[in-house]
Q: 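I'd like to ask you about the structure that follows.
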Amino acid sequence: MGNCFFKSKKPTAEIAPCDCTRRFRPAPVAPTVRLYGSASSPVAAYIRFALLHKNVSLQLVPTEGDTLALEIGPETVSGHRETLLQFIEEKFPHPPLRFDLVERTPLVVKVTRLQHRSITWHLERMVRWVEDLRTRGKRKTVDPAVGSPRMELKKLEKNYAQLLEVMLEHAQMEERIVFPLLQRADPGLCKAANEEHARDLPVMNGIKEDMKSIGVMDYGTPASKEGLSNLSTRLKSLQKHCKEHFDEEEKDVLPLLEATELSGEEEKRVFEDCIEAMKVTHSHLFNFFLEGLLPSEAMDYVDLIMKCGDKQLRASMIQIISNAK
């Protein structure tokens, strides 16, 4: 998701990963695409992200019943998810969808990696956003997308607070579920990872307090400029630490979960414990979290949600997606 550094008409705060992929190809002139079915269907959410991956707009037509039908131009197909995805692939072959025929990566590893992707992208956006505020100078006209400088700083503070909640829940998920699983197999294996979590926590909270202080300053004053400069430095440091930490986990720690040789039932229980541990992320911050993923990655995460045994939690997360603008 580091391919997001390009010029866009959108403010820095509004750029999402899917916007970044669109610069590599012109938006196709697509036929009208309609999906007939329930907005709360997990498959409907999956199809929505599949079409977003193809850069194709979707009109959802609510209907009763469990069967979904996809209309692309004059043709209509109904059936299972795989049938609808194959229909999409035939009509919009680029970029291709990924169909994993054999996938033995543990579910908890998939969840952890996708959470890393979202956190990484949101941190990148924060760094770009603060750097933009620091270097742009005093704006003479108000951008209606973000408001006045003080309003934009409040929005920045709110977005960071949301990211902080996701990061803290992710760290707690690893400390309470993932790391103990490995510790039982090899004591001391996750000592360094736990220490890195403890090291970054004061930095993360300090950035939050810095944003509060800058938010009450007059934008453009020497004090405000100095505060934004210091904030930019601290965010870049946190970004660097997180990237190194995530890379180490994915290279040295997560692969070892496969070596624990959990039974199918044990793996499912650990996976559902991880989903349960991310309650805040999977409730009012779920759309914020998904915003940090590419459409193909969001498809993968929705696919994982559909494997969750808690029907109520699964339904609530899909409902959040369907209610998104």
Side-chain angles (χ1 to χ4, degrees), residues 1-5 17 20-21 98 100 102-127 163-201 203-204 235-262 266-278 281-282 288-305 307-308:
M1 279 177 283
N3 59 3
C4 295
F5 297 94
C20 308
T21 63
R98 300 196 313 269
D100 295 324
V102 179
E103 178 59 87
R104 278 304 306 143
T105 304
L107 297 177
V108 64
V109 173
K110 292 182 182 180
V111 166
T112 304
R113 285 176 176 162
L114 287 170
Q115 289 174 6
H116 287 174
R117 301 295 176 273
S118 180
I119 291 169
T120 297
W121 182 81
H122 278 291
L123 266 175
E124 287 176 354
R125 178 175 67 164
M126 285 288 153
V127 168
L163 173 59
L164 184 58
E165 283 195 84
V166 173
M167 292 176 73
L168 290 175
E169 266 202 333
H170 172 77
Q172 290 167 2
M173 178 198 81
E174 291 184 333
E175 291 166 6
R176 296 174 182 175
I177 300 164
V178 179
F179 294 167
L181 188 65
L182 293 170
Q183 289 282 100
R184 287 196 293 272
D186 185 352
L189 190 62
C190 299
K191 181 181 178 182
N194 276 311
E195 289 174 349
E196 287 170 4
H197 283 187
R199 176 202 63 191
D200 288 337
L201 182 58
V203 176
M204 290 156 59
L235 273 169
K236 288 176 182 177
S237 177
L238 177 62
Q239 180 190 29
K240 180 176 180 289
H241 288 165
C242 284
K243 183 182 185 307
E244 291 172 351
H245 175 66
F246 292 164
D247 287 348
E248 286 176 10
E249 280 191 354
E250 294 185 21
K251 178 177 176 288
D252 301 327
V253 178
L254 295 183
L256 295 176
L257 282 170
E258 298 184 49
T260 59
E261 297 182 342
L262 295 175
E266 289 173 324
E267 182 187 347
K268 188 71 179 294
R269 177 185 58 76
V270 171
F271 161 69
E272 296 198 346
D273 286 345
C274 287
I275 296 295
E276 176 68 18
M278 300 288 290
T281 298
H282 292 151
F288 173 84
F289 169 77
L290 290 177
E291 185 186 23
L293 300 176
L294 290 165
S296 58
E297 293 168 336
M299 288 172 64
D300 291 340
Y301 209 85
V302 170
D303 203 26
L304 289 168
I305 290 168
K307 292 180 172 65
C308 179

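Since the structure is predicted, the reported quantities are computational estimates derived from the model, not experimental observations.
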Q: Assess whether salt bridge (Lys or Arg N to Asp or Glu O under 4.0 Å) is satisfied between Glu250 and Arg117, documenting all intermediate values.
A: CA-CA 11 Å; Glu250 294 185 21; Arg117 301 295 176 273; 2.9 Å; yes

Q: State the NE2-CG distance between His241 and Leu123, to the nearest 0.5 angstrom.
A: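 Atom-to-atom, His241:NE2 and Leu123:CG are 12.0 Å apart.
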
Q: A quick test of your reading: do over 12 heavy atoms of other residues, nucleotides or ligands sit less than 6.0 Å from CZ of Arg176?
A: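 Atom CZ in Arg176 is not packed in, count stays at 12 or less.
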
Q: Please report the interatomic distance CG(Leu290) to CE(Met299), rounded to the nearest 0.5 Å.
A: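 One gets 13.0 Å once the value is rounded to the nearest 0.5 Å.
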
Q: Flag the pair Glu244 / Lys240 as yes when at least one side-chain heavy-atom distance between them is below 4.5 Å, and no otherwise.
A: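 Side-chain contact under 4.5 Å: yes.
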
Q: I'd like to know if the side chain of Ser118 and the backbone of Gln115 have a donor-acceptor N/O pair within less than 3.5 Å.
A: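 Answer holds: no.
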
Q: State the CG-CE distance between Asp200 and Met167, to the nearest 0.5 angstrom.
A: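 Taking CG in Asp200 and CE in Met167, the distance rounds to 7.0 Å.
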
Q: Where is the tightest heavy-atom contact between Met173 and Thr112, given as atom of each residue plus distance?
A: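 Smallest heavy-atom distance, with atoms named: CE-OG1, 3.7 Å.
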
Q: Atom CG in Asp300, atom CD1 in Ile305: separation rounded to 0.5 Å?
A: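 Atom-to-atom, Asp300:CG and Ile305:CD1 are 11.0 Å apart.
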
Q: Can you sort out the partners of Phe271 under ring-ring contact (aromatic ring centres under 6.0 Å, His included), two or more places apart, ordered by chain and number?
A: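 For Phe271, no residue satisfies ring-ring contact (aromatic ring centres under 6.0 Å, His included) once neighbours in sequence are set aside.
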
Q: Tell me, please, which residues at least two apart from Lys191 pass side-chain contact (heavy atoms from CB on, under 4.5 Å).
A: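 So Lys191 forms a side-chain contact (heavy atoms from CB on, under 4.5 Å) with Glu195.
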
Q: Would you say the side chain of Phe179 lies within less than 4.5 Å of the side chain of His197, judging by non-hydrogen atoms?
A: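 Sidechains of Phe179 and His197: in contact.
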
Q: Hey, is the main chain of Thr281 close enough, under 3.5 Å, to the side chain of Glu169 for a donor-acceptor pair?
A: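 Such a contact is found between Glu169 side chain and Thr281 backbone.
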
Q: Which donor-acceptor pairs under 3.5 Å do side chains of residues 180-190 form with protein atoms, sequence neighbours excluded?
A:
unit_1	atom_1	unit_2	atom_2	d
Gln183	OE1	Gly188	N	3.2
Gln183	OE1	Leu189	N	3.0
Gln183	OE1	Cys190	N	3.0

Q: For the backbone of Leu254 and the side chain of Glu249, can you confirm whether one donor and one acceptor N or O come within less than 3.5 Å of each other?
A: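 No.
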
Q: How close do Lys268 and Lys307 get, heavy atom to heavy atom, and via which atoms?
A: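 That closest heavy-atom pairing would be CE-O, 2.8 Å.
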
Q: Please work out which of the three classes, parallel, tilted or perpendicular, describes the rings of Tyr301 and His282, given edges at 30° and 60°.
A: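 The rings of His282 and Tyr301 sit tilted, inter-plane angle from 30° to 60°.
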
Q: Quick check for you: to the nearest 0.5 Å, what is the distance between Glu267 atom CD and Leu257 atom CG?
A: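 So the CD of Glu267 and the CG of Leu257 are separated by 9.5 Å.
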
Q: Determine whether Arg113 and Thr105 make a side-chain contact, defined as any pair of heavy atoms from C-beta on separated by less than 4.5 Å.
A: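 With C-beta onward as the side chain, the pair touches.
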
Q: Can you label the angle between the Phe288 ring and the His122 ring as parallel, tilted or perpendicular, going by 30° and 60°?
A: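 Judged by the thresholds at 30° and 60°, the geometry between Phe288 and His122 is parallel.
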
Q: As an exercise, state the distance from CZ of Arg269 to SG of Cys274, rounded to the nearest 0.5 Å.
A: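 The distance works out to 10.0 Å.
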
Q: When you look at Glu175 and Asn194, which way does the side chain to side chain contact (heavy atoms under 4.5 Å, CB included) test go after all the steps?
A: CA-CA 7 Å; Glu175 291 166 6; Asn194 276 311; 3.4 Å; yes

Q: Kindly indicate whether the side chain of Leu304, heavy atoms from C-beta on, has any atom under 4.5 Å from the side chain of Leu114.
A: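 A side-chain contact under 4.5 Å exists here.
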
